Amino acid sequence: MQQLYQQVILDHSKSRSGEGELSSPHGESFQVNPTCGDECTVQVAVEDNRLSHFAWSGRGCSISQASLSLMYEMVDGEPLDRAEHLGETFRELIHNRGQELNPEKMEQLEDLSAFTGVGRYSARVKCALLGWMALRDALVQAQRTTSGPGQAPETQA
Amino acid sequence: MQQLYQQVILDHSKSRSGEGELSSPHGESFQVNPTCGDECTVQVAVEDNRLSHFAWSGRGCSISQASLSLMYEMVDGEPLDRAEHLGETFRELIHNRGQELNPEKMEQLEDLSAFTGVGRYSARVKCALLGWMALRDALVQAQRTTSGPGQAPETQA
Amino acid sequence: MNDLLELASDFPLLSRTVRGGKPLVYLDTGATSQKPESVLNAERTFNQTHNAAVHRGAHQIAEEATEAFEAARSAVAEFVGVSFGEIVWTKNATEALNLVAHGFLNATLERGGSEASRFRLTSGDEIVVTELEHHANLVPWQELAAKTGAKLRWIPVTEDGRLDLEQLDVITERTRVVAFTHASNVTGAITDVPRIVERAREVGAFTVLDACQSAAHLPVDLHELGVDFAAFSGHKMLGPTGVGALYGRQELLEALPPFLTGGSMVEVVTMEETTFMPPPQRFEAGTQMVAQTVGLHAAVDYLSAVGMRQLSAHEDHLARLMLEGVAGVPGVRVLGPTSAEDRLAVVAFDVPGVHPHDVGQILDDQGIAVRVGHHCAQPAHRAFGVHASTRASAGVYTTPAEIEAFIDGLHRVVKFFA
Amino acid sequence: MNDLLELASDFPLLSRTVRGGKPLVYLDTGATSQKPESVLNAERTFNQTHNAAVHRGAHQIAEEATEAFEAARSAVAEFVGVSFGEIVWTKNATEALNLVAHGFLNATLERGGSEASRFRLTSGDEIVVTELEHHANLVPWQELAAKTGAKLRWIPVTEDGRLDLEQLDVITERTRVVAFTHASNVTGAITDVPRIVERAREVGAFTVLDACQSAAHLPVDLHELGVDFAAFSGHKMLGPTGVGALYGRQELLEALPPFLTGGSMVEVVTMEETTFMPPPQRFEAGTQMVAQTVGLHAAVDYLSAVGMRQLSAHEDHLARLMLEGVAGVPGVRVLGPTSAEDRLAVVAFDVPGVHPHDVGQILDDQGIAVRVGHHCAQPAHRAFGVHASTRASAGVYTTPAEIEAFIDGLHRVVKFFA
Ligand SMILES: Cc1ncc(COP(=O)(O)O)c(C=O)c1O
Ligand SMILES: Cc1ncc(COP(=O)(O)O)c(C=O)c1O
C-alpha cells in the first residue's frame, strides 16, 4: 500500500494546490467518473502559448485529488506544448501496469512519478487520469476561443 | 417408428374424414402451432346437448391431420359430455409420455389409442392436441351462442 | 449459534487467494454472488449433453433442451411462489423492469389492442417511485414519464434509510404505477410491501417490485405479497450471469403488449403484420439464455435445500455482527438502519475524510473485497449527503470470521489515513 | 480434399448418442451451434476464479473480471473487423436489432438530444427490409413503422431464393433504413452486401446487417462491408447462449439514444433526470452476461485458430455434398440456390406430400438432428408456396460421412411415407 499511497500523494490529496475558480476562463471542462460519481472541473486561460492561469475544483478519492493538485503545480504557467507533452507521458505511465518508464521520462515527470503504483490497479487508472482528461479537453476549448491575444482571467481562490 | 406412425394414423392423415365447412356454425375456433405454422379450424353446431355437426379444415403433419380426422369420427353426432370427456382422456394419454392409460380408458379411446406413442415425443404433443384445443374452444363458444334450440347448419363438404 | 451455515466449501471461487496469497474475504455479494459447484456443473452438463434450440427442433436433443428450459421456469416460479406461466426470462432484472415500462409505453403508442388500454398513460397520470431505488428501477420510469407526459413522483427516504411511509399520500388517484424496491441495495432496509400494495390498490395503481436483493436473502412469496410485477436477477442469487426474470400476474401478462420482437414470440407473420403468442413466450424474443436458466434452476434448488428461513436467520446474525463492528470504528457512519431488524446483511457506510475508493483499496490490500461508489443509487446517496460510500454485503457462504476480518481491516483503514 | 477439417472431437456433445444408442448426426447448427471444450472451460474458469461485478468494484477480482470482459469485447471486435468501442453486448442478435430499431423510435420521441435528430422518422419516411428476413430482422421494423408512421417496403426474393437485386429501386430518397440479412437461414443464399450498401448510400439511408448466419461461417469484415449496424449471436458461432453483439459505426453509436436504461450506463442521476455514458456503455444497462462474453472470446479464438477461410472452404464442400445428395432424392425440392456458389451449407427443402414434422421425425429416429418448421421466416416460406420445410445445416465440426448418413436417411423418409 505504501507503494500506491506515496507520501507526496497523501500530502497533495490534503493540501490541494490550485483549487479555485477563474472568473472568465478560455477553456473549461467538467468530467465525471460514473462508477463513483467523482467529479472535477478544470479551467484554463491561455496567453502567448502558455497556460497562464489554471484552477480546478472537484471531489474524489486521494488519487484523483492528488493528481489534480500535482497537475496544477506542474503545468500552471508552463508552455502549452510542455503541458501537453507531460500529459502524454503521465498517461503512458499510468497505463504501464505499475512499471516505471525509462529514466528520462521518469525525470520529466518529477513528483508525478509517485503515481507509478496506480497502474497496478486498473480500477484506479481513471482516478489518476480524470483531471488530465479535463485539462486536455479544456485546452482544446481554449484554443478554439483564443484566436488573438486574450484577456487574462483572474483567479478567485 | 411403427409405434409412433401406426397404420390408423397414416391412413387417417390421408383420408381426412370430416374435412369441410359449416355454413353457420354455433362455434368456431382457429388454432395455430407457432413452431411450424400448422393451422386448423374446427366448427361445431350443437343441438339438444349433442354435437350435431362438426367440420374441420387445416394443414399440418400426419399426426395433427390424423388427430383431426379421428376426432371427427369419434365426436360427430355425440353428446357433448361424451365429447368433452373423450377430450380429457385423450389429453391425459398424450401427456403420459408414451405409456398406456388403464384398460378402461384405453377402451374408451378406441382408435385414438393409436396415438399412445406420440407422448414419447414432447415436440409432437402439440400436433396431436391442436385439433382438440380447437374443439374445446369451439364448444365454449357454441354454448355461449346457443341458449335456446338453434338452427342446424349444413355441411358444405 | 445454530443459525450459522458453513457452506463456503461448496463455492470454488471462495478458496482462491488475492493480492499475493491473502485469503479472499468476499463481501460483495450485494453486487454479484458467487456460484456453488452444483450450478457450474448443471450449466456444463447442459452444454455437453442437452444443448439445442428450444421450442423448435423435432429431434431428441431439442426436446431435452426444451424440457430443461421449462423445468427451470417451473422451479423458479415455485421458488418465488407464482405460477409457471407468470415467469418471463430476461437477461437481468434491469431488462425485466424495462420490459414492464416499455409495455406501458407500447400500450400508450396504441400497440397491443384494446386489452392493452389499461396500460395507457396520459399527461394527467403519475408514476411513483422511491428515493431509495437502484437506477434500474428509476431511470426506466423517468424515460417512460418523459415519453408519455406522465409525471414522476417519489416516496422519500427517512434519516435511517427506510422508505418514509408517512408520506404514502404521494400515491393518489392520479397514480398509475408504483415501482419500489423490496430491499435497498444501499441501506439494506426491507420494505413493508403490504402497506404500499394496500395503498396502491386503494387508488387502482399497478405495483412493480424490485426483488433483486430480497430474492437471494429472504423467503419471497410474490403471490402473497400481492404485487403485480416483480423483477430479479440470477447472478445475485447464486445463479449465472446473463439470466433474470420478470414475474407478472397472469392476467396482466396476457394484456401487456410485447417488448422485444423477433423469432419465437410470434404466431402469424406476413410482411405487413404480425400476431403474437400468449405469455410468457410473447416476451421471449429470439434464442434464450437456455444454459443459464438451467444454472439458475440449480441455484434455486441449492437455496431451497439450505432453506430460505435458515439462510435469512444466518444473514441476520451476520448483519448484527457487521453493524456492531462498524459501530465500534471511530467516526464511521452507517447509511441505513443501525439495528438489524427488517434489514439485510448489506452495510454501506461513510468514513469521514476518507474517500470510499481509498477505503476499498486498503481493504482489498488485506484480501477483503467490498464495493465502493454509489452502488447505482445516486439519489439515495444524495439523501445522505454523500456522493459515494463503501458497502460490505454478505451471502449464504459468509462466515462470522470474515466479518471479523473486515472489521479489523476497517480499523486499519482509519489508522492509515489518520 | 485438404479443405476438410476434422474437429468433432473438440466438441463434447457430439460424442453422445440418441434414440437408443444411435450416434448423433447434428445438422442443426443453423439453429444453434455446439460448443468446443475450450469455450466450456473458459466460462468455467471465469466462474471459478474471476467472477465479480465489472466496472464497479475496487477489489482485485472485480479488476480481473473487468479485464476479461473488455478483452472479450476487443477479441470479438477484431474478429468482425471493427474497433473496440463499436461492439455493444446484447443477449442475442434479436436484442441487438431491437436496440437499433428502438434507437430510431426514441429519437422520434425526441429522446437523445439534437445529435439524435438524424434518426427521427416521420410518416413520409420508408424502411426497407427483405422477404428473406428472419423474423428478428422484420418484426422490430414493422413495430417501428407502426409506431412512427413510416412505411415498410421490401426487396422480394427470386425463385432460387436470393434477394432480387433487380428490384433495388424499392430503395428511394424516402428510404431511411435498409435492414437485410448477410445470409439467409432458409435458403443459405449469401447477399451481395456491397451492392445494397452502395444503393443505400446513394439515397442516404442507414444500413443494418443481420450477420447471424454469416459470422460463424464466413470471414466477415464489417468495416470493409461498409454497413452502419450489424447484429450477431454467440450461440450460433460456437459460443454460449445468452450473449450476442451489436456493431454500430462509432459516430452513429455516439448519436443514438439509449434503449434499456438502468445501472452502469448513466453519468449523473437525480430523481428528475439522468445523463448517459458514451457508447458502448450507454447501451449496456445492468449487470452484463460477463461469463458468456468470456465464453464467446474463447469461441472466436477457436474460429480464428481454424481460420475462417479454411472453415468456409470446408463448409463449401459440405454444401456441395448436401445439394448433390438432396437432388438425388426423388421429388425433393430445395428452397434456395441449387448450386453451392455464394451459398452456405444450409439446405432447406420440401418433400412433397410429407410434412416436415414427419420428415424430421423419421430422421431423428435414425439419430439425425435437423430442423423443421418455418425457421422463423414465414414470409420466405410463403414466397416458396410452402408453410414449413426441413432444414439441414452444417458447421465447422460436420463431416462428409454425416452428410451421407443424412442423405441415406432422407431416402428412407421418402420410402416410409410412399
Ligand atoms: C438469420 C438470422 N437472424 C437472426 C436470428 C436471431 O438470432 P437469435 O435468436 O440468437 O437472437 C437468427 C437465428 O435464430 C438467424 O438465423
Ligand atoms: C436493488 C437492485 N435493483 C436492481 C439491480 C439491477 O440488477 P441487474 O444489474 O442484475 O439488472 C440491482 C443490482 O445491480 C439491485 O441491487
Side-chain angles (χ1 to χ4, degrees), chain C residues 12-13 16 18-19 28 31-32 34-35 40 44 47-49 51-53 56-61 91-92 94-95 98 109 134-136 139-140 142-143 147 154 233 235 240-242 260-263 266 269 271 274 285-287 289-292 357 360-361 364 369 371-373 376 378-379, chain D residues 12-13 16 18-19 28 31-32 34-35 40 44 47-49 51-53 56-61 91-92 94-95 98 109 134-136 139-140 142-143 147 154 233 235 240-242 260-263 266 269 271 274 285-287 289-292 357 360-361 364 369 371-373 376 378-379:
Chain C
L13 187 137
R16 72 164 276 183
V18 290
R19 299 292 178 219
D28 199 14
T32 201
Q34 297 305 336
K35 295 123 194 30
L40 304 183
R44 175 117 195 183
N47 278 323
Q48 298 205 150
T49 318
N51 174 59
R56 293 183 171 184
H59 57 83
Q60 183 183 343
I61 309 181
K91 67 176 173 179
N92 53 24
T94 302
E95 185 195 343
N98 275 270
L109 297 175
H134 188 281
H135 297 158
V139 188
Q142 287 181 343
E143 286 287 307
K147 289 173 191 168
W154 54 89
S233 260
H235 70 94
T241 55
L260 299 176
T261 57
V266 299
V269 180
M271 291 308 290
T274 294
T287 305
M289 55 306 286
V290 186
Q292 291 74 41
H357 267 180
Q361 193 80 53
D364 171 55
R371 173 117 181 240
V372 301
C376 299
Q378 290 179 20
Chain D
L13 185 138
R16 73 164 274 184
V18 290
R19 298 293 178 219
D28 199 14
T32 201
Q34 297 305 335
K35 297 122 191 32
L40 304 183
R44 175 117 194 181
N47 278 323
Q48 298 203 152
T49 319
N51 174 60
R56 293 182 171 184
H59 56 84
Q60 184 183 342
I61 309 181
K91 67 175 172 178
N92 53 24
T94 301
E95 185 195 343
N98 275 272
L109 296 174
H134 188 282
H135 297 157
V139 188
Q142 287 180 343
E143 287 287 307
K147 289 173 192 168
W154 54 89
S233 259
H235 70 95
T241 55
L260 299 175
T261 56
V266 299
V269 180
M271 290 310 288
T274 293
T287 305
M289 56 305 287
V290 186
Q292 292 74 40
H357 267 179
Q361 192 80 53
D364 172 53
R371 172 118 181 240
V372 300
C376 300
Q378 292 181 18

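Each chain gets a letter, A, B and so on, in the order its sequence line appears, and its residues count up from 1. Please read these numbers as outputs of a predicted model, since none were measured by experiment.
- Each of C:Lys35, C:His357, C:Arg371 has some count of heavy-atom pairs under 4.5 Å with chain D, and the biggest count is that of C:Arg371.
- Inspection of the D:Gln34 and C:Asn51 side chains reveals an N or O donor paired with an N or O acceptor under 3.5 Å.
- Interface remark: C:Gln48 contributes backbone and side-chain atoms alike to the contact with chain D (heavy atom separation under 4.5 Å).
- Both the backbone and the side chain of D:Thr274 come within contact range of chain C, each with at least one heavy atom under 4.5 Å from a heavy atom of that chain.
- When each of D:Gly263, D:Ser233, D:Ala52, D:Ala31 is scored by its heavy-atom pairs under 4.5 Å with chain C, the top score falls to D:Gly263.
- Contact annotation for C:Val269: both backbone and side-chain heavy atoms come within less than 4.5 Å of a heavy atom of chain D.
- When all heavy atoms of C:His135 and C:Pro140 are compared, the closest pair comes out as O-CD, 3.5 Å.
- Residue D:Ala291 comes nearest to C:Thr241 through the heavy atom pair N-OG1, 3.3 Å, listed as atom of the first residue, atom of the second, then distance.
- The candidate from D:Val372, D:Asp28, D:Val290, D:Thr49 with the greatest count of non-hydrogen atom pairs under 4.5 Å with chain C is D:Thr49.
- Proximity to chain D (any heavy atom under 4.5 Å) is restricted, for C:Arg16, to the side chain, taken from C-beta onward.
- Only the side chain of C:Leu109 comes within contact range of chain D, judged by heavy atoms closer than 4.5 Å.
- With chain C as the partner, the residue from D:Lys147, D:Arg44, D:Glu95 showing the most heavy-atom pairs under 4.5 Å is D:Arg44.
- Ranked by heavy-atom pairs under 4.5 Å with chain C, the list D:Val139, D:Thr261, D:Val266 is led by D:Thr261.
- The NE2 atom of C:His235 lies 12.5 Å from the CG atom of D:Asn47; values are rounded to the nearest 0.5 Å.
- In terms of heavy-atom pairs under 4.5 Å with chain C, the best-connected choice from D:Gln60, D:Gln361, D:Lys91 is D:Gln60.
- Between chain D and the residues C:Thr94, C:Ile61, C:Thr32, C:Asn98, the largest count of heavy-atom pairs under 4.5 Å involves C:Asn98.
- Ranked by heavy-atom pairs shorter than 4.5 Å toward chain D, the options C:Pro240, C:Gly373, C:Ala285 are led by C:Ala285.
- Between chain C and the residues D:His134, D:Glu143, D:Met289, D:His59, the largest count of heavy-atom pairs under 4.5 Å involves D:His59.
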